[in-house]
Colleague: 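Once you've had a glance at the structure underneath, I'll fire off some questions.
As a basis for the values below, the full set of heavy atoms in this structure was taken, side chains included, without hydrogen atoms, waters or symmetry mates. All residue numbers in this chain count up from 1 along the given sequence.
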Amino acid sequence: MPTSTSTPKRFAMLVARLRSGYWTRLVPVLAVVAALTHIPSFMRPVWSPDEGYLATQARMLASGGVLYDTVVDRKPPLLPWLYEACFSVFGSLSLWPLRTLAIVAHVVTAVLLVSIARGRWGNRAGGAAGVLYLLLSIGLSPEDTQAATFEVFMLPAMVAAFRYAERRRWLAAGIAVAVCSLTKQTGGAVLLPVLWMLFQDARLRGVRWRSALLKVGFGFALPIAVVAAILTKPKGFLFWVVTGSGDYASLGGDWLQMIGRALGNSAILLAAGLGFLFPLGHRLWVRLRTGSSLPTRGEAHGAASDLWVWLISSVVAVATGFHFFGHYYLQLMPPLVLLGVGAVSVSAVRWKPVLVYSTVAASAFWVLAMAWPGEQLNQTTQVATAVAERSTAQDTVLVWGMHPELYWLSDRKPATRYLTAGFLTNFSGGKGTQDVGEQYSVPDAWQTFDKELATNGLPEIVVDDSGRAPYQPLLVPKIENLLDDHYEVVGAYGDTVVYRLKK
């Protein structure tokens, strides 16, 4: 049992560590690296449809919408709430506050990785882990790494859960897993390494595991119960976050396309982290050739088994749903960095070439982000401007497509809670054309859609952003009939057509 002086002692130890200079020197460096690597994030009003969706959700919530009822998504509530809070303080015209908070999230993730690596391999490895993570954090398509989306804000809680488990603080570990899961469902995969460490700890130390497991379970359940109590529609929360995503995460789809995306993003990440992944691969190859087993958590050196369990659980999380979008791969970065740092720390490889390669790779991705083509954004901005010019602030708009940022950029209210055509057709950008159509919609979605239009009136503007997608109006009779009966074309921008309600 801890004594009454345990808290003052911990505080004194913290002060002593700060005075030692390690953290006071390192944290500012990490903050500068994080800010520099993510400067491109401020160069565009919106980087991805996810940002546009979250921004539109936040506006709907601020105007009285109810999450998981009149405002829906297949994601947990923490990030929509964060967007809403930022909009209430700073206004909803720009995402710069969210981009700033994303940089803070990266710094927190880096600091936690420093703490883990420092405890295992020393001060130099700790600093390298923090810097290497921040350099790797932009090592994918800029649309995936510069946007303020779910994975970025999930990572601090994910790494914290691992760190708490490493310190045998099981209640805090369970809470961190819950916070991670409430940011994005796949973040809950970190529960696997937490449980692995719990049972390894019980096996190696001969202590009882039941009380520790109870603490993890209670810590995990508590935040979820609190969120469910806050929500006015807890049943909707269960449906949209858990039970209602079966079709979206199904095995159906264009497997050639999915495998190509998986291999492509894996190759990009490998290239970005080759400086420390090559020593890791070499070390793993030597172990496999010699028949050596993976080291356990109790070993002082090398890549520990808990890190491998963490990586494997993250791979499973990335593969869940078989979409393999680039931003999913952010979840792999923390365990990969730690495994790489561990491999370099116990090998003859020097840190300088590892850091030089990582810096050069990050610089290439930084330049790529600054020069990233903007044709799609320019077209979307043109369409948003046309929508704003042909409607008033009181009018509603329907975007028939997968670019909900049009609502936010045009500053117009959505005519329906379904901000993308995916809810009404089961279309997903990562899985091809199979099982797409009215009959594959979210249960009762079309009935709800019809009721919304009957209650609130037809939208003033309809934007057909489907192009040649398998949900284009010609293939969805309800939308085709709606446009034919009530709308006329008033503009075309590339493959996007703008309709206006007939007078």
Colleague: Distance-only, no hydrogens or angles: does the T320 side chain make a donor-acceptor pair with backbone N or O of V316 under 3.5 Å?
Modeller: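 Checking the backbone N and O of V316 against the side chain of T320, a donor-acceptor pair under 3.5 Å is found.
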Colleague: Over all heavy atoms of both residues, which pair between P156 and V108 is shortest? Give the atoms and the distance, please.
Modeller: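 Minimum heavy-atom separation between P156 and V108: CB-CG1, 3.9 Å.
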Colleague: Heavy-atom distance under 4.5 Å between the side chains of Y329 and I268, does that happen here?
Modeller: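 The answer is no, as the side chains (C-beta and beyond) never meet within the 4.5 Å cut-off.
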Colleague: Go through E84 and R59 one step at a time and tell me if the salt bridge (charged side-chain N to carboxylate O under 4.0 Å, His left out) criterion holds.
Modeller: CA-CA 7 Å; E84 181 189 7; R59 279 182 174 168; over 6 Å; no
Colleague: By side-chain contact (heavy atoms from CB on, under 4.5 Å), which residues pair with A369, not counting sequence neighbours?
Modeller: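 For A369, the residues satisfying side-chain contact (heavy atoms from CB on, under 4.5 Å) (neighbours in sequence not counted) are P40, P142, Q146.
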Colleague: Tell me which pairs pass salt bridge (charged side-chain N to carboxylate O under 4.0 Å, His left out) where either residue lies in residues 180-200, with sequence neighbours left out.
Modeller: E151-K184
Colleague: Is the side chain of Y22 donor-acceptor paired with the backbone N or O of G127 at a distance under 3.5 Å, no angle test?
Modeller: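 Yes, the answer is positive, given that a donor and an acceptor are paired below the 3.5 Å cut-off.
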Colleague: Once ring pair (Phe, Tyr, Trp, His ring centres under 6.0 Å) is applied, do any residues pair with F199, and if so which ones, sequence neighbours excluded?
Modeller: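 Only W209 meet the ring pair (Phe, Tyr, Trp, His ring centres under 6.0 Å) criterion with F199.
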Colleague: Not counting sequence neighbours, list each pair that qualifies as a ring pair (Phe, Tyr, Trp, His ring centres under 6.0 Å) and has a residue in residues 172-194.
Modeller: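 Qualifying pairs, neighbours excluded: none.
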Colleague: Would you say that more than 12 heavy atoms from the other residues, nucleotides or ligands in this model lie under 6.0 Å from the OH of Y164, or not?
Modeller: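 No, not enclosed.
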Colleague: Sequence neighbours left out, what passes ring pair (Phe, Tyr, Trp, His ring centres under 6.0 Å) with Y68? Give chain and number order.
Modeller: F237
Colleague: For N378, check side chain to side chain donor-acceptor pair (under 3.5 Å) against everything at least two apart and list the hits.
Modeller: none
Colleague: Which residues pass the side-chain contact (heavy atoms from CB on, under 4.5 Å) test with V309, sequence neighbours left out?
Modeller: L192, P193, W196
Colleague: Tell me which pairs pass side chain to side chain donor-acceptor pair (under 3.5 Å) where either residue lies in residues 332-354, with sequence neighbours left out.
Modeller: none
Colleague: Quickly, which of L182, V216, V190, L195 forms a side chain to side chain contact (heavy atoms under 4.5 Å, CB included) with V177? Name it, please.
Modeller: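 Filter result, single survivor: V190.
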Colleague: Excluding sequence neighbours, so at least two apart, what forms salt bridge (charged side-chain N to carboxylate O under 4.0 Å, His left out) with E405?
Modeller: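 Here no residue qualifies.
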Colleague: Do the side chains of Y357 and L135 get nearer than 4.5 Å, heavy atoms only?
Modeller: no
Colleague: To the closest 0.5 Å, what do you measure between OG (S181) and CD1 (I224)?
Modeller: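 One gets 6.0 Å once the value is rounded to the nearest 0.5 Å.
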Colleague: Side-chain contact test, heavy atoms from C-beta onward, threshold under 4.5 Å: evaluate it for L171 versus F220 and give yes or no.
Modeller: no
Colleague: Taking ring pair (Phe, Tyr, Trp, His ring centres under 6.0 Å) as the test, write out the residues that go with F90, two or more places apart.
Modeller: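 Partners of F90 under the ring pair (Phe, Tyr, Trp, His ring centres under 6.0 Å) test: W96.
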Colleague: So, does H38 use its side chain to make a donor-acceptor pair with the main chain of A34 at under 3.5 Å?
Modeller: yes
Colleague: Looking at D201 and R168, would you say the former's side chain and the latter's main chain have a donor-acceptor pair under 3.5 Å?
Modeller: no
Colleague: Between R118 and R124, is there a donor-acceptor pair closer than 3.5 Å when you use the side chain of the first and the backbone of the second?
Modeller: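 Checked: no pair found.
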Colleague: Would you say the side-chain atoms of W47 pair up with the backbone N or O of S41, donor to acceptor, closer than 3.5 Å?
Modeller: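 Side chain of W47 to backbone of S41: a pair is present.
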Colleague: Would the distance check show the side chain of Q185 and the main-chain N or O of R74 forming a donor-acceptor pair, the cut-off being under 3.5 Å?
Modeller: yes
Colleague: Looking at V66, V72, L67, L419, which one forms a side chain to side chain contact (heavy atoms under 4.5 Å, CB included) with M60?
Modeller: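 Passing option: L419.
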Colleague: For H327 and F325, take the angle between the two ring planes, folded into 0 to 90°, and tell me which bin it lands in: parallel under 30, tilted 30 to 60, perpendicular over 60.
Modeller: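 Rings of H327 and F325: parallel, under 30°.
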Colleague: Strictly below 4.0 Å, N to O, side chains only: are R99 and E51 in salt-bridge contact?
Modeller: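 So R99 pairs with E51 through a salt bridge.
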Colleague: Hey, are the side chains of L377 and P45 touching, using non-hydrogen atoms and a 4.5 Å cut-off?
Modeller: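 When only atoms from C-beta onward are counted, P45 and L377 do touch, with a gap below 4.5 Å.
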Colleague: Could you check if a side-chain atom of L330 sits within less than 4.5 angstrom of a side-chain atom of T145, using non-hydrogen atoms only?
Modeller: yes
Colleague: Find out whether P334 and L155 are in side-chain contact, i.e. whether some heavy atom of one side chain is under 4.5 Å from a heavy atom of the other.
Modeller: yes
Colleague: Quick check against the 3.5 Å criterion: does W240 have a side-chain atom that pairs as donor or acceptor with the backbone of P76?
Modeller: no
Colleague: Would you check if Q57 and Y83 make a side-chain contact, meaning some heavy-atom pair closer than 4.5 Å?
Modeller: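 Not in contact.
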Colleague: Applying side chain to side chain donor-acceptor pair (under 3.5 Å) as the test, list every pair that has at least one member in residues 126-136; sequence neighbours left out.
Modeller: H106-Y133
Colleague: Would you please name every residue forming a ring pair (Phe, Tyr, Trp, His ring centres under 6.0 Å) with F162, sequence neighbours left out?
Modeller: W310
Colleague: Is S92 reaching over with its side chain to a backbone N or O of S88, donor-acceptor style, under 3.5 angstrom?
Modeller: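 No.
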Colleague: Below 4.5 Å, heavy atoms only, C-beta onward: do W408 and V46 meet side chain to side chain?
Modeller: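 W408 reaches V46 side chain to side chain.
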Colleague: Under 3.5 Å, is there a donor-acceptor pair between the side chain of S358 and the main chain of L355?
Modeller: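 No, because the side chain of S358 does not come within donor-acceptor range (under 3.5 Å) of the backbone of L355.
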